[in-house]
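Working notes for the structure below.
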Amino acid sequence: KEGESRASLGRERYLERMRAFIEATRTVILDQQRRVGGSCDWGRLRFTMDEVSARAVRVAFLRLHEKGLAYRTEALVNWCPGCRTSVSDLEVLPTPETGTLWSVRYHLIDEATGRPDPDATLTVATTRPETILGDTAVAVHPDDPRYAALVGRRVRIPFVERDVPVIADAVVDPAFGTGAVKITPAHDHDDNETGKRHGLAMPTILDDEARVTGTGTPYDGLDRYEARQRIVADLAAQGDLAGERAHEMVIGRCQRSNDVVEPRLKTQWFVRTAPLAAAALEATRSGRTTILPARLEKTWEHWMTNIRDWNVSRQLWWGHRIPAWYCPDGHATVSAEPEGPAACATCGRPAAELVQDPDIFDTWFSSGLWPFSTLGWPEPTDDLARYYPGSVMETGYDILFFWVARMMMLGIELTGEAPFHTVYLSGLIRDPYGQKLSKTKGNTVDPLDTIEVLGADALRFALVYGATPGNDQRFGQAKVENARNFANKLWNATRFVLGARPSTVPDGSGRRLPDPAHLGPADRWVLSRAAATIAAVDHAMADYNFGEVSRLLYEAIWSEYCDWGLELAKVRLADPDRTDAEREATWWALVDALDVYLRLLHPVMPFITERLWQGLPHTDDDPGLLIVARWPGARARDEAAEAEVGALVELVRAIRNARADAKVEPAAWLPLDVYVEPSLGHALEGLRPAIERLARARPLRRHLTPEDLHGTASATGGLTVIAGPAEAIIGQPAGEAGAAGADRARLEKELADTERLLAAARARLANDAFTSKAPPAIVEGARASEAELADQAERLRDRLAR
RNA sequence: GGGCGAUUAGCUCAGCUGGUUAGAGCGCAUGCUUGACAUGCAUGAGGUCACUGGUUCGAGUCCAGUAUCGCCCACCA
C-alpha cells in the first residue's frame, strides 16, 4: 500500500501484509481459473516460500558451506540506503548523470614540524567530497613525474585532521583530473581494492541510511548530500577548494528503489563463484548445454570469466532466512534444520545461546535451485529422477545472468548435472514505438485485455510469429488482429470441410484415409503440400525457429490449403461426372490434411486447434485430445501432382491477370478453352472444370487444337494467355469489342519481359566461368530456365504474328 | 573502454549452409453480397536490401571499413 514500507510497518505486520497479498493473488488466479474452466491441484503449485523449497534452500546452503563455497566476511557491498539492504552487482543500474567534479587541496605535512604546510598542497579531484572524511590515502600514478617526489610523504585530510600517506598505484589515470586521487577504502570499489593492496585503514563514515557517522566532526548525523554541500562550502571558506566543474559520470542506482547505491563495508554471506562459474563454463564449452542464439554464448563467456563472488545476504524480511546461527563468541554454525543446530559447532555452546542470522537470501539464490527444488530435491524423489535434468530453458535474454547463470552454477554444483541441455533466449517485447515496456512509463500491455478481445491463441500466435531468437520485437494490436483473422480463417475452413462431407459418408463415421485409387491430382496435391509442410515444420522446430514454424503454417493453411485446396475440392465435390468413391476420396484427403495442419499448429494455437480437431472424425485409437495426440510423421511428397497443380495455379493466375488487365467485368463468365503441352496435358485436362471455375469461365463445346488456337482470340476479340506449359483462350462476352488491341499490347509487354529475362539467362550461360565453375545442378537449372523462357518467347511471338 | 545487435516496400518484420525475376502482414489503389470466411476474395502499385571497398562465375546473404540507432559488460575518481 502507498506509504507503507518495510520500515514503517515493523517485521510482523510486514510479513502479515505479504501473506495477505499472496492470498489475494491466489484468489485472483483461482477466479480466472473458474472463468476459464479446468482444475488445478494447489497441492502441487506452491510458492517457493513453502516448506519443501525452504528445505532445499537450507540444504543447498549447508552443502555450499561445507565445501567452503559459502563464507561470511566483511566486504564492500552495494548498499541501498532506501531499501536498507545490500544488493547484488546486477541489481545496481549504472545511470549516466551530470555531477560536479571538485578539486580540493590537501596540505602536505612538513616532515620537520609534523604540521601541515600552508603553502605546499596536493590537489585531488572528487565527485563525492563528503567521503573526504573517510580518506586514508592519496594515490598517484607511479610513473607520474609531477608527483614522483611526493610519494611517501603525508597529507592532512581536512576536518578529520588525519594524516595519510601519498601512495603510488597504477590504478590512477594521470590524465584525469589532477592525476591525484583521494582514497576512501570503505566507500568505493576501486578505493577498496587500492586500500587492500596498500594495507590502508578503512573507516566507515556512512550509516545504514547514508548519514555521516563516527567521524567526530560536526557533519555527523547529516545526510550524505547535505554533508556534501556543507563540506564544499567549508572547503571554499578555508581556501582549499581549488575549483569545480560539471562532470558527466555514471552513477549506480538501486534497481528497485532508484536510490543512489553506496558501497559500504558489511559482514555478509558470500558464495564463492570461481569454481561454480568454471563448471558452468565447462558445460557450455563442452556442448553439454547449448545457448541459443549462439552469439549470446560469447556474452556468457565474458560474464562467467569476470564474475565476482556473489553476495547472497539481504537485509529484507520476506524471503528464505539464512540458516546460520551465531554464538556469543561469534562462531557461525550452518544447519539445515529449521530450528537450527543443537549446539555451536565450534565451541559447543547450547542452542539456547545461539541466535539466527536475521538476514535472508537474495531471491535469485532460491530461484537458482528451481530446476530441482521444485522436484523435491534433496530427497531422491521419483519426480527428480524423471524430470531432472530438464531439456530446454526458455527465457528472455535479460535474465541470462540473474537466473540462468545461477541455475547453471547451483545445479551443477549440487546435483552434478547441468539443469538443461539447451538455453533458448527469446527477445524482449517492446511497445509499438520500440520502447521497453515499463510500469513507470505506463506502456505495459495486460495480456488478459488482449485475450479478452482477440483471443489467447491470437496473442500467442502473434508473439511466436514475430520471434527471432534473441531479437526484440515491437508489439502492437495490428499483429494480434492478423493472428485473430488467421484463427478465424482456420475456423471457417474447418467448418467448410465438415459441412462438405459427401452424403455417402455417414455422419459420425470413423476416420478413414483417402483411397489412393480414387484421388484426383488436386487431392494428391493437397496431401503432398501437407507432407511438405510436415518436413518444413520439423526442420524449423529442430532449429528452435518457432517464428518460422508459425510462418510456414500460416502460409500453408491460408495460401495453399484454403486458397487452392478447398477451392479445387469444391469443384470436384460438385462435379457430376465424379463417382461417389472419388468424392469420398477428395473429402477424406481434405480431412487428412486438415488433421495434419491442426496437429502441427497446436503448439502455437493450442485452444482453437484442440477445439477444431475434436470435431474431426477420429480413428478408434485416437486419444480424443489433440494435446496428447501423435505428432505427424514424415510423409512422401507427390512431385507429379505438385507440378500439375502448380501449372494450374500459374494458368489461373495468368487468366485472372489478363482479365483484370483487360478490365473484363468480374461477373462475366467467358468461354474458355485450354491447350496444354502433351507432357502435362492429361492431368490439366482432368482439372479443366477447376480452371474454368477458378478463372470464372465456362467450357467451350469444341476444344481447340494447336492449329486453331492461334487465330481464335483475335477472331473472337478474346484474350490469349500463355503460362508455363499451358495456353488458354478466353473469349469476350458478346457485344463487348475492343479487347483485341488490349490483348495485343499485353502480349507485347509480356514478350518484352520474357526476352529481357531470356537475354539475361543466355548471357549467364554464355559465360564460360559460370558453366565451368558453378555446381552442375545450378547450371542445369539455368539451362532448363533458358529453354522454358525461349519456348515462352517463341509462343508469344507466334501468337503475335497471327 | 570492451563486446554484441539492428539498418530490406510508407509502417512492422522474414529471408536457412551465397544461386534464376528479394517475400509476408498492415497500410494504399481498383474491383467483388463468388453458398466456409468482408476477421473475406481477386488484381495491382510500391524496394539501388544504410554506405564504401573486397572475395566470387554469381553477394541482401561472406570479409574489411564507415555511418546511424540500440543493448550488454566495465574500477576513470
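Note: hydrogens, waters and symmetry copies are ignored here, and every other heavy atom, side chains too, is used. Each chain gets a letter, A, B and so on, in the order its sequence line appears, and its residues count up from 1.
Straight-line distance between the P atoms of B/U48 and B/A9: roughly 9 Å, to the nearest whole Å. The C1' atoms of B/G3 and B/U61 are separated by 23 Å, rounded to the nearest whole Å. Distance noted for atom P between B/U66 and B/C49: 22 Å (whole Å). Spacing of P atoms, B/A74 relative to B/C57, comes out at 47 Å, to the nearest Å. Using C1' as the reference atom, B/U7 and B/U43 are 32 Å apart when rounded to the nearest Å. A gap of 31 Å separates the P atoms of B/G27 and B/C71, to the nearest Å. Look at the P atom in both B/G70 and B/U12: the space between them is 15 Å, to the nearest Å. Spacing between B/C13 and B/G60 at atom C1', rounded to whole Å, works out to 15 Å.
Under a 4.0 Å N-O distance rule, the pair A/Arg783/A/Glu788 does not qualify as a salt bridge. Note on A/Asp89 versus A/Arg308: salt bridge recorded, some NZ/NE/NH1/NH2 to OD/OE distance being below 4.0 Å. Salt bridge annotation for A/Glu548-A/Arg551: present, with a cationic side-chain nitrogen under 4.0 angstrom from a carboxylate oxygen.
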Polar atom pairs (N or O), protein with nucleotides 46-48 of chain B, under 3.5 Å:
none

Dump the pairs, protein N or O against N or O of nucleotides 2-11 of chain B, anything under 3.5 Å, distances to one decimal.
{"unit_1": "B/C4", "atom_1": "OP1", "unit_2": "A/Lys298", "atom_2": "NZ", "d": "2.8"}

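Which of B/C73, B/A24, B/U20 sits closest to the side chain of A/Phe401 comes down to B/C73.
Between A/Val232 and A/Pro129 the shortest side-chain heavy-atom distance falls below 4.5 Å. Within the 4.5 Å cutoff, the side chain of A/Glu301 has heavy atoms near those of the A/Leu281 side chain. Taking 4.5 Å as the limit, some side-chain heavy atom of A/Arg659 sits within range of a side-chain heavy atom of A/Arg696.
Both A/Asn657 and A/Gln473 lie near RNA chain B, and the one whose nearest nucleotide falls closer to the 5' end is A/Gln473. Heavy-atom distances to RNA chain B give each of A/Ser559 and A/Thr468 a nearest nucleotide, and the one nearer the 5′ end belongs to A/Thr468.
At the heavy-atom level, A/Ser785 lies under 4.0 Å from base atoms of the strands shown. Here A/His247 lies in heavy-atom contact (under 4.0 Å) with sugar-phosphate atoms only. At the heavy-atom level, A/Phe486 lies nowhere under 4.0 Å from the strands shown. Residue-level contact check: A/Asn767 touches the backbone only, with heavy atoms under 4.0 Å from sugar-phosphate atoms and none from bases.
For the pair A/Leu552 CG and B/A24 C1', the computed distance is 12 Å after rounding to whole Å. Following rounding to the nearest Å, A/Glu193 (CD) and B/A74 (C1') show an atom-to-atom distance of 14 Å. Rounded to an integer number of Å, the gap from CZ of A/Arg762 to C1' of B/U20 is 15 Å. Note: CG (A/Asn545) to C1' (B/A14) measures 10 Å, nearest angstrom. Protein atom CG of A/Leu553 is 18 Å distant from nucleotide atom P of B/A24, rounded to whole Å. Rounded to whole Å, atom C1' of B/C71 lies 11 Å from atom CG of A/Asp398. Across the protein-nucleic acid pair, A/Asp190 atom CG and B/G1 atom C1' stand 14 Å apart, rounded to whole Å. Between A/Asp173 atom CG and B/A77 atom P there is a gap of 10 Å when expressed in whole angstrom units.
With sequence neighbours left out, A/Ser426 forms a side-chain contact (heavy atoms from CB on, under 4.5 Å) with A/Glu394, A/Tyr424. With sequence neighbours excluded, the residues forming a side-chain hydrogen bond (donor to acceptor under 3.5 Å, both in side chains) with A/Arg264 are A/Asp208, listed by chain and number. Listed by chain and number, the residues in a side-chain contact (heavy atoms from CB on, under 4.5 Å) with A/Leu428 are A/Tyr397, A/Asp398, A/Lys436, A/Asp472 (sequence neighbours excluded). In terms of the ring-ring contact (aromatic ring centres under 6.0 Å, His included) criterion, residue partners of A/Phe486 (sequence neighbours excluded) are, by chain and number, A/Phe461, A/Tyr554.
A/Thr123 and A/Arg105 are not linked by any side-chain donor-acceptor pair at a separation below 3.5 angstrom, with hydrogens and angles left out of the test. Side chains of A/Tyr465 and A/Asn482: no donor on one and acceptor on the other come within 3.5 Å. At a cut-off of 3.5 Å, with distance as the only test, a side-chain donor of A/Glu248 or A/Thr98 sits close to an acceptor on the other residue. A donor-acceptor contact under 3.5 angstrom links the side chains of A/Thr273 and A/Asp309, judged on distance only. In the model, A/Trp300 has a side-chain atom that pairs as donor or acceptor with a side-chain atom of A/Thr284 under 3.5 Å.
Checking the phosphate oxygens (OP1, OP2) of B/U21, a side-chain nitrogen or oxygen of A/Arg764 falls inside 4.0 Å. For B/G40, the OP1/OP2 oxygens have a side-chain nitrogen or oxygen of A/Asn485 closer than 4.0 Å.
Taking the six-membered ring for Trp and the full ring otherwise, A/His141 and A/Phe176 have centroids separated by 6.0 Å or more.
Between the side chain of A/Thr100 and the main chain of A/Trp102, no donor-acceptor pair closer than 3.5 Å is present.
Sorted by first and then second residue, the side-chain hydrogen bond (donor to acceptor under 3.5 Å, both in side chains) pairs involving residues 169-181 of chain A (not counting sequence neighbours) are A/Asp169-A/Arg197, A/Asp169-A/His198.
Dense packing is recorded around CZ of A/Arg146, with more than 12 heavy atoms of other residues, nucleotides or ligands lying under 6.0 Å away.
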Side-chain atoms of residues 765-773 of chain A: list all donor-acceptor pairs with protein atoms under 3.5 Å, sequence neighbours left out, distances to 0.1 Å.
{"unit_1": "A/Asn767", "atom_1": "OD1", "unit_2": "A/Ala769", "atom_2": "N", "d": "2.9"}
{"unit_1": "A/Thr771", "atom_1": "OG1", "unit_2": "A/Asn767", "atom_2": "O", "d": "3.4"}
{"unit_1": "A/Thr771", "atom_1": "OG1", "unit_2": "A/Asp768", "atom_2": "O", "d": "3.1"}
{"unit_1": "A/Ser772", "atom_1": "OG", "unit_2": "A/Asp768", "atom_2": "O", "d": "2.8"}
{"unit_1": "A/Ser772", "atom_1": "OG", "unit_2": "A/Ala769", "atom_2": "O", "d": "3.4"}

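Side-chain N/O atoms of A/Arg484 and base N/O atoms of B/U39 include a donor-acceptor pair closer than 3.5 Å.
Contacts between residues 132-139 of chain A and RNA chain B, defined by a heavy-atom separation below 4.0 Å, involve no residue at all. Of all the residues in residues 769-780 of chain A, A/Ala769, A/Phe770, A/Lys773, A/Ala774, A/Pro775, A/Ile778 reach under 4.0 Å from RNA chain B with at least one non-hydrogen atom.
Paired with A/Thr131 under the rule side-chain hydrogen bond (donor to acceptor under 3.5 Å, both in side chains), one option of A/Lys182, A/Glu262, A/Arg224 passes, and it is A/Lys182.
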For RNA chain B, the dot-bracket pattern of Watson-Crick and G-U pairs whose distances stay under 3.5 Å, | for other-strand partners: (((((((..((((.....[...)))).(((((.......))))).....(((((..]....))))))))))))....
Per-nucleotide protein contact string for nucleotides 27-37 of chain B (B base, S sugar-phosphate only, - none; heavy atom under 4.0 Å): ----S--B-BB
